[in-house]
Amino acid sequence: GAVVSQHPSRVICKSGTSVKIECRSLDFQATTMFWYRQFPKKSLMLMATSNEGSKATYEQGVEKDKFLINHASLTLSTLTVTSAHPEDSSFYICSARARSSGSNEQFFGPGTRLTVL
Amino acid sequence: GQQVMQIPQYQHVQEGEDFTTYCNSSTTLSNIQWYKQRPGGHPVFLIQLVKSGEVKKQKRLTFQFGEAKKNSSLHITATQTTDVGTYFCAGPVEQGTYKYIFGTGTRLKVLA
């Protein structure tokens with residue numbers, strides 16, 4: 001149980017285009033999902049917290065108009081990188097916290113590697 | 001701002017040797033989590049410690065939460081090649097938000 005999927009796993013796009021990444025909790029409901037960015041051989045940097053039915057909260061330094069987050073249901077959150085540029089190339093990982101969970105354990109998706117040419 | 005640092009950054013050990021990574025927070029933590037990320041993979045939850053001075057064991061892994069709840073350690077006894085990966089500790093950012101800040105990570109390489 002507690003599986004989180006991400007789609008796509010890899011994407012290559014041209015500079016200036018927008019890319020949407022989906023994060024789904026497959027076998028549980030997630031009231032809260034988190035989006036992270038990870039540079040090669042580095043730690044995870046929290047970008048934003050996505051709450052079902054409300055606006056996402058962004059961490060300091062993360063542009064909300066650049067990284068659009070939508071949490072439309074208890075099992076789906078999307079991250080759209082708008083007008084992508086080469087510096088947006090990174091590994092984006094989502095995680096989800098189970099609605100019924102009494103713990104703070106986060107279940108991570110497999111990640112999406114974005115390359116902007 | 002809040003920082004969570006880990007040492008060492010890298011560790012290479014011979015298979016069978018022990019390994020320890022240390023996690024230090026700039027603030028007192030209500031709890032601390034540990035995750036393992038295999039090369040090319042995603043973080044996987046290992047454990048959560050809540051109580052001051054708490055020690056928990058999972059087979060060859062021993063986790064400890066400091067008395068002051070500002071540091072933690074993960075010790076692996078007799079490493080195996082399957083232990084390869086990066087180990088992250090994570091501490092909560094704010095009460096009630098379930099947001100966590102991840103440590104800088106320790107990358108473990110086990111030489112057969």
Side-chain angles (χ1 to χ4, degrees), chain A residues 1-7 9-10 21 23-25 28 30-52 54 56-62 71 90-113, chain B residues 1-12 21 23-25 29-51 54 56 58 63 65 84-109:
Chain A
V3 178
V4 176
S5 70
Q6 267 185 255
H7 178 80
S9 57
R10 291 179 182 271
I21 302 170
C23 176
R24 292 181 186 273
S25 55
F28 66 98
T31 48
T32 306
M33 289 183 171
F34 302 94
W35 287 95
Y36 296 85
R37 184 172 179 176
Q38 187 175 34
F39 292 101
K41 300 181 181 179
K42 296 294 183 183
S43 186
L44 289 84
M45 183 191 80
L46 179 64
M47 298 175 65
T49 304
S50 171
N51 296 296
E52 187 266 338
S54 64
T57 54
Y58 291 80
E59 296 302 303
Q60 193 171 15
V62 179
H71 195 150
S90 192
F91 191 52
Y92 293 88
I93 313 179
C94 70
S95 72
R97 179 182 171 274
R99 182 182 192 184
S100 58
S101 172
S103 78
N104 299 324
E105 179 179 351
Q106 294 183 43
F107 300 97
F108 282 84
T112 297
R113 188 161 304 282
Chain B
Q2 182 182 8
Q3 291 186 339
V4 181
M5 306 295 290
Q6 284 180 250
I7 55 170
Q9 191 175 4
Y10 305 96
Q11 183 87 61
H12 293 182
T21 171
C23 173
N24 292 288
S25 169
L29 303 170
S30 58
N31 64 80
I32 194 157
Q33 298 179 345
W34 284 91
Y35 290 81
K36 176 184 178 181
Q37 185 176 21
R38 292 181 186 272
H42 59 276
V44 174
F45 177 83
L46 294 176
I47 207 162
Q48 177 172 292
L49 304 172
V50 179
K51 299 177 183 176
E54 187 172 13
K56 285 189 177 180
Q58 289 180 351
F63 303 85
F65 200 8
V84 165
T86 302
Y87 293 85
F88 293 101
C89 61
V93 175
E94 301 169 23
Q95 285 275 35
T97 65
Y98 307 110
K99 293 197 308 184
Y100 278 74
I101 179 171
F102 277 72
T104 47
T106 295
R107 190 172 322 138
L108 172 65
K109 190 169 185 176

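Each chain gets a letter, A, B and so on, in the order the sequences are listed, and its residues count up from 1.
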Spacing of [X] atom [atom1] and [Y] atom [atom2] [to the nearest 0.5 Å]:
X      : Y      : atom1 : atom2 : result
Y98(B) : T31(A) : OH    : OG1   : 7.5 Å
L44(A) : T86(B) : CG    : OG1   : 10.0 Å
T57(A) : K99(B) : OG1   : NZ    : 5.5 Å
K41(A) : Y10(B) : NZ    : OH    : 6.0 Å

By a 4.5 Å heavy-atom criterion (distance strictly below it), what part of I93(A) contacts chain B: side chain, backbone, both, or neither?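 The side chain, not the backbone.
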Contacting moiety of Q38(A), where chain B heavy atoms sit under 4.5 Å: side chain
Is it the backbone or the side chain of T104(B) that comes under 4.5 Å from a heavy atom of chain A, or both, or neither?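 Only the backbone of T104(B) comes within 4.5 Å of chain A.
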Using non-hydrogen atoms only, which part of Q6(B) is less than 4.5 Å away from chain A: side chain, backbone, both, or neither? neither
Can you give me the closest heavy-atom contact between [X] and [Y], atom names plus distance?
X      : Y       : answer
F88(B) : K42(A)  : CZ-O, 4.0 Å
S43(A) : G103(B) : OG-O, 2.5 Å
Q33(B) : E105(A) : NE2-N, 3.8 Å

So, for Y36(A) and F102(B), is the gap between ring centers shorter than 6.0 Å? yes
With a 6.0 Å cut-off on ring centres, are F108(A) and Y35(B) close enough? yes
Can you confirm whether [X] is buried at [atom1], in the sense that more than 12 heavy atoms of other residues, nucleotides or ligands lie under 6.0 Å from that atom?
X       : atom1 : result
H7(A)   : NE2   : no
K109(B) : NZ    : no
Q58(B)  : CD    : yes

Chain B contacts, top residue of Q106(A), R113(A), M45(A), Q60(A) (heavy-atom pairs, under 4.5 Å):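 Between Q106(A), R113(A), M45(A), Q60(A), the count favours Q106(A).
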